[in-house]
Amino acid sequence: MSRGLFITFEGIDGAGKSSHIALLADALRSAGREVVLTREPGGTPLAEKLRELLLHEPMDALTEVLLAFAARRDHLRQVIGPALAKGQVVLCDRFTDATFAYQGAGRGFDGEVLSYMELLVQTGIGLNGDLMLSPDVTLWFDLPPMVAAARLADARAPDRFESEPLAFFSRVAQGYADRAAQAPQRIARIDAALEREQVAAQVLAAVAARGWLGAGPHG
Ligand code: TYD
């Protein structure tokens, strides 16, 4: 089955994913791949509207879950599925692991319900047919919540999640760690506490190790 690559980026707010997504996009393009950069919630006109609501309107955890998955469904159908079908590389800033970490671990929402919704929303998308579409690899930027909070302190006006206390981010961080332990093949841990160059090197190494930068067996 000829299919593109689906790479997602995760971590608590302040972990510093953004600049590394752009660097990886450059590296993949240099290796001759077509790259689509996108984000969640968001990536389509509908999903960007849902993002606005999720980040700024008061709501309970179930409503957060419903909006996140509604946005994801539209994003998968309109952007991610078609790009993968064309053989492109999709780099997505956050995906379902964020729902498990933020709504699951952070808000205490039922993980079994999340797993069911994950299956429902990620099935029936393009080339994957009846199989659940999941990322080929997830780069998890792991950073102690205290360090992330210090980095966020200088940032622009915080949204609903960024305004949460340290205890919330400790739960979210634990949620990511648990998720990584359950899917060690898919989720690659990036030590985001290191210097920027070293973080970038880890990102490239994780992708190169899978043969996706042209040097490996499947390049
Ligand atoms: P983020 O990706 O950090 O964007 P920015 O860099 O512009 O702040 O913001 C998205 C926020 O949405 C982040 O705090 C995590 C949250 N979120 C969820 O709570 N659940 C989800 O399923 C997703 C995808 C994101």
Side-chain angles (χ1 to χ4, degrees), residues 6-25 37-44 46-76 78-80 90-111 113-122 133-135 138-143 145 147-176 178-179 187 190 192 199:
F6 184 21
I7 303 178
T8 61
F9 298 78
E10 298 283 359
I12 58 174
D13 289 274
K17 301 168 270 117
S18 307
S19 57
H20 296 287
I21 299 176
L23 283 176
L24 180 60
L37 286 175
T38 190
R39 68 171 181 181
E40 289 219 345
T44 72
L46 170 60
E48 289 291 333
K49 286 182 185 166
L50 298 177
R51 176 191 180 91
E52 254 327 281
L53 300 173
L54 182 62
L55 296 193
H56 301 292
E57 299 295 331
M59 66 185 75
D60 74 345
L62 172 58
T63 310
E64 287 183 2
V65 168
L66 294 170
L67 291 183
F69 274 115
R72 184 160 303 134
R73 179 75 183 172
D74 193 55
H75 193 206
L76 282 164
Q78 308 288 343
V79 173
I80 298 173
V90 176
L91 300 186
C92 189
D93 188 349
R94 298 190 183 283
F95 194 64
T96 305
D97 296 313
T99 316
F100 279 88
Y102 282 78
Q103 280 66 50
R107 301 281 195 229
F109 191 87
D110 189 334
V113 175
L114 293 181
S115 292
Y116 179 66
M117 293 187 73
E118 175 185 36
L119 184 66
L120 192 67
V121 166
Q122 293 168 218
L133 178 64
S134 291
T138 296
L139 303 171
W140 165 42
F141 288 65
D142 188 22
L143 188 68
V147 181
R151 288 188 187 173
L152 268 188
D154 314 324
R156 64 223 178 306
D159 61 39
R160 281 178 65 239
F161 295 101
E162 290 161 346
S163 318
E164 288 286 344
L166 192 59
F168 176 81
F169 286 105
S170 297
R171 294 197 297 275
V172 174
Q174 187 58 49
Y176 276 124
D178 292 346
R179 195 85 173 139
I187 302 182
I190 304 295
V199 175

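First listed ligand is number 1; within each ligand, the first listed atom is number 1. The figures here come from the full heavy-atom set of this structure, side chains too, leaving out hydrogens, waters and symmetry mates. Residues take their numbers from the sequence shown, with the count starting at 1.
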May I ask you to identify the nearest protein heavy atom to [atom], giving residue, atom name and distance to one decimal place in Å?
atom                    : answer
atom 19 (O) of ligand 1 : Gln103 NE2, 2.9 Å
atom 14 (O) of ligand 1 : Asp13 OD2, 2.9 Å
atom 22 (O) of ligand 1 : Thr99 OG1, 2.6 Å
atom 5 (P) of ligand 1  : Arg156 NH2, 3.5 Å

Subject >> Leu55 CG to Leu50 CG distance, which is reported to the nearest 0.5 Å >> reply: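 Between atom CG of Leu55 and atom CG of Leu50 there are 11.0 Å.
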Subject >> Tyr102 and Asp13 side chains, donor-acceptor separation under 3.5 Å >> reply: yes
Between the main-chain N or O of [Y] and the side-chain N or O of [X], is there a donor-acceptor pair closer than 3.5 Å?
X      : Y      : result
Arg171 : Leu166 : no
Glu164 : Phe169 : no
Glu10  : Leu139 : no

Original post:
So, does Glu64 sit close enough to ligand 1 that a heavy atom of it is under 4.0 Å from the ligand?
Top reply: no
Look at [atom] and find which of [options] reaches it with the closest heavy atom.
atom                    : options                     : result
atom 4 (O) of ligand 1  : Glu162, Glu164, Arg51       : Arg51
atom 23 (C) of ligand 1 : Ala15, Ala71, Ala98, Ala101 : Ala98
atom 25 (C) of ligand 1 : Pro41, Cys92, Ala47         : Pro41

Under 4.0 Å from any heavy atom of [X], which atoms of ligand 1 are there?
X     : value
Arg72 : 22 (O), 24 (C)
Lys17 : 2 (O)
Glu40 : 24 (C)
Ala68 : 22 (O)

Original post:
Does Leu55 approach ligand 1 within less than 4.0 angstrom via side chain, backbone, both or neither, non-hydrogen atoms only?
Top reply: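 Side chain only.
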Original post:
Hey, is Arg107 touching ligand 1 through its side chain, its backbone, both or neither, going by heavy atoms under 4.0 Å?
Top reply: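 It is neither; nothing of Arg107 touches ligand 1.
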Subject >> Taking every non-hydrogen atom, the tightest pair across Phe161 and Leu54 >> reply: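 Minimum heavy-atom contact is CE1-O, 3.8 Å.
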Subject >> cation_pi(Arg72, Phe69) dist<6.0 Å, angle<=45 >> reply: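 Satisfied, under 6.0 Å and within 45°.
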**OP:** May I ask you to check whether Arg94 has an N/O atom sitting below 3.5 Å from an N/O atom of ligand 1?
**Re:**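 Between Arg94 and ligand 1, an N or O pair is found under 3.5 Å apart.
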Original post:
Would you call Met117 and Leu66 a side-chain contact if the rule is heavy atoms closer than 4.5 Å?
Top reply: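 Yes, close enough: below the 4.5 Å cut-off.
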**OP:** Would you indicate whether the side-chain heavy atoms of Phe109 and Phe100 approach each other to under 4.5 Å?
**Re:** no
Original post:
Which one of Arg179, Glu118, Gln122 satisfies the side-chain hydrogen bond (donor to acceptor under 3.5 Å, both in side chains) criterion with Thr96?
Top reply: Gln122
